There are 2 protein chains.
Amino acid sequence: MQISSRFTVALHIFTCVDTFKENYKVTSDFLAASINTNPVIIRKILAKLKKAGLIKVARGTGGITLTRDLSEISFFDVYQAIEPLEGGDLFRFHEAPNPDCPVGRNIHALLDDKLKAIQTAMEDELKKYTLADLRTGMREILETEK
Amino acid sequence: MQISSRFTVALHIFTCVDTFKENYKVTSDFLAASINTNPVIIRKILAKLKKAGLIKVARGTGGITLTRDLSEISFFDVYQAIEPLEGGDLFRFHEAPNPDCPVGRNIHALLDDKLKAIQTAMEDELKKYTLADLRTGMREILETEK
DNA sequence: TTTTGCTGTAATTCAGATGATTACATCAGA
DNA sequence: TCTGATGTAATCATCTGAATTACAGCAAAA
């Protein structure tokens with residue numbers, strides 16, 4: 001199964017905030033227009049980012065501010081804020097292997113550490129990128145676009 | 001979103017086949033009992049593994065045989081056989097970013113390579129494990145169980 | 001103080017995926 | 001020809017993702 005587009009939407013949001021915060025009032029409607037989705041979807045994602053302590057949202061007046069430096073927020077932070085994995089496990093395990101079968105009662109002992117290693121490899125790569133990379137990357141792109 | 005339990009079920013199947021093929025007739029009913037699910041679920045997964053060329057299934061009489069050596073089938077091979085990712089992308093992207101927005105029309109250029117790198121990190125780790133690891137691992141566990 | 005524009009959130013809807021199950025046609029060997 | 005398998009269609013319940021409507025609450029400007 002694919003990872004929900006909420007993650008790329010969140011990265012899109014951060015890029016917009018950084019790119020436009022000087023010249024525009026970045027509201028959920030503004031973001032919804034750039035991302036081409038519904039403002040409520042945006043607000044729900046903003047609520048998760050807020051709950052994770054990555055941003056603050058100004059009630060009433062509108063506007064989004066980060067709580068840390070761009071370089072202090074990694075893709076992994078965003079991913080964790082957005083995707084609440086059940087038990088923190090990327091791989092879903094079949095619920096009830098048969099304990100009366102030698103393989104069934106030991107399949108977790110056999111697989112758990114390997115699945116975890118695979119998940120960790122992905123998460124470690126997620127930690128390599130930060131929102132600062134989004135800023136510099138987008139600025140480069142916009143520069144060459146002129 | 002979590003990765004479907006079909007993947008761990010498939011690994012469970014391979015472990016059972018290797019562990020029991022000498023002393024039992026390993027049918028979809030047999031496997032369903034060990035995994036504690038429905039035989040039809042098993043057959044559907046077997047069909048995918050067969051289509052991917054990893055196994056052969058004896059019609060009528062029953063029985064599963066691998067087409068290659070255990071060490072020649074990696075977790076990644078199994079994963080690819082089981083999980084048909086749309087376009088091969090682990091991360092789903094929001095469908096229609098606004099091309100009239102500077103960020104919207106460049107968000108793919110900004111993110112695609114990074115998302116791909118993260119996916120590749122996970123896939124490379126999947127390639128590190130093979131069914132041979134399952135054999136040796138399970139044999140060790142069963143040895144200490146005595 | 002009232003208006004305006006925004007956020008927060010509940011409720012609904014629709015589509016698609018997952019997993020379980022029944023039913024049955026088909027096949028191969030005893 | 002029986003028996004025990006696989007192959008597969010069809011159905012169902014449940015869950016999740018994404019979109020949408022509706023409205024209460026808040027803060028600042030008029």
Side-chain angles (χ1 to χ4, degrees), chain A residues 1-10 12-13 17 20-21 24-33 35-52 55-65 82-87 89-98, chain B residues 1-10 12-13 17 20-21 24-33 35-52 55-65 82-87 89-98:
Chain A
M1 189 54 187
Q2 287 181 300
I3 290 164
S4 157
S5 67
R6 282 190 295 261
F7 179 61
T8 57
V9 169
H12 190 142
I13 288 173
V17 168
F20 297 121
K21 67 177 184 299
Y24 296 88
K25 189 170 181 181
V26 182
T27 67
S28 60
D29 272 70
F30 180 96
L31 291 165
I35 290 162
N36 200 12
T37 182
N38 192 285
V40 175
I41 302 289
I42 303 292
R43 283 183 221 138
K44 282 186 181 170
I45 291 175
L46 290 177
K48 293 193 184 212
L49 297 174
K50 198 174 65 170
K51 186 176 246 179
I55 63 170
K56 287 190 178 175
V57 181
R59 187 88 200 256
T61 167
I64 298 161
T65 51
I82 294 298
E83 288 287 330
L85 288 182
E86 188 172 347
D89 292 323
L90 177 61
F91 294 92
R92 172 177 296 181
F93 216 106
H94 45 293
E95 291 300 327
N98 188 344
Chain B
M1 188 55 185
Q2 286 182 300
I3 289 164
S4 157
S5 68
R6 284 190 295 264
F7 179 60
T8 56
V9 169
H12 189 141
I13 287 173
V17 169
F20 297 121
K21 67 176 182 301
Y24 296 89
K25 189 171 180 180
V26 181
T27 66
S28 61
D29 272 71
F30 180 96
L31 291 165
I35 291 162
N36 200 11
T37 182
N38 193 285
V40 175
I41 302 288
I42 302 293
R43 284 183 221 137
K44 280 185 182 171
I45 291 174
L46 290 177
K48 292 193 185 214
L49 297 174
K50 199 174 63 171
K51 186 176 247 178
I55 63 171
K56 288 190 178 175
V57 181
R59 186 88 200 258
T61 166
I64 298 161
T65 52
I82 294 297
E83 288 287 330
L85 287 182
E86 189 172 347
D89 292 323
L90 177 61
F91 293 92
R92 172 177 297 181
F93 216 105
H94 46 293
E95 291 300 327
N98 188 344

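For clarity, every value in this text was computed on a predicted model and none was experimentally measured. Numbered from 1 within each chain, the chains take letters A, B, ... in sequence-line order.
Taken from OG1 in B:T37 to CZ in B:R6, the straight-line distance is 11.5 Å, to the nearest 0.5 Å.
Across all strands shown, A:A58 has heavy atoms under 4.0 Å from sugar-phosphate atoms exclusively, and none from any base.
Separating the CD1 atom of A:I42 from the C1' atom of D:dA18 is a distance of 12 Å, rounded to the nearest angstrom. When the P atom of D:dT16 is taken as reference, atom CD of B:Q2 falls 9 Å away, rounded to whole Å. B:K48 places its NZ atom 13 Å from the P atom of D:dT8, with the value rounded to the nearest Å. Atoms NZ (B:K50) and C1' (D:dT6) sit 8 Å apart, rounded to a whole Å. In this structure, CG of A:D29 is placed 11 Å from P of C:dG5, rounded to the nearest angstrom. Straight-line distance from the NZ atom of B:K56 to the P atom of D:dG7: 14 Å, rounded to whole Å. Distance CD1 (A:I64) to P (C:dT7): 7 Å, rounded to an integer number of Å. We find that OH of A:Y24 is positioned 19 Å from C1' of C:dG5, with the value rounded to whole Å.
Although no hydrogens or angles enter the test, the distance criterion places no donor-acceptor pair under 3.5 Å between the side chain of A:K48 and the main chain of A:P84. At least one donor-acceptor pair under 3.5 Å links the side chain of B:T27 to the backbone N or O of B:F30.
Minimum interatomic distance between B:I82 and B:F7 (heavy atoms only, all atoms of both residues): CG2-N, 4.1 Å. B:Q2 and A:F91 make their closest contact through NE2-O, 4.1 Å (heavy atoms, listed as atom of the first residue, atom of the second, distance). Across every non-hydrogen atom of B:N36 and A:N98, the tightest pair is CB-N, 4.4 Å. Closest approach of A:P39 and A:A32 over heavy atoms only: N-CB, 3.7 Å.
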* Verdict with supporting geometry, B:K50 and B:R43, side chain to side chain contact (heavy atoms under 4.5 Å, CB included) -> CA-CA 10 Å; B:K50 199 174 63 171; B:R43 284 183 221 137; over 6 Å; no

* Asked: Should B:T8 and A:H94 be marked as a side chain to side chain donor-acceptor pair (under 3.5 Å) after you check the CA-CA gap, both sets of side-chain angles, and the distance that decides it?
  -> CA-CA 7 Å; B:T8 56; A:H94 45 293; 3.0 Å; yes

* Asked: For nucleotides 13-23 of chain C, read 5' to 3', which letter fits each nucleotide if B means a protein heavy atom sits under 4.0 Å from the base, S means only the sugar-phosphate is that close, and - means neither?
  -> ----SSSBBBB

Using a cutoff of under 3.5 Å, can you pull out all pairs of nitrogen or oxygen atoms linking the protein to nucleotides 25-30 of chain D, with atom names and distances?
{"from": "D:dG25", "atom 1": "N3", "to": "A:R59", "atom 2": "NH2", "distance (Å)": "3.4"}

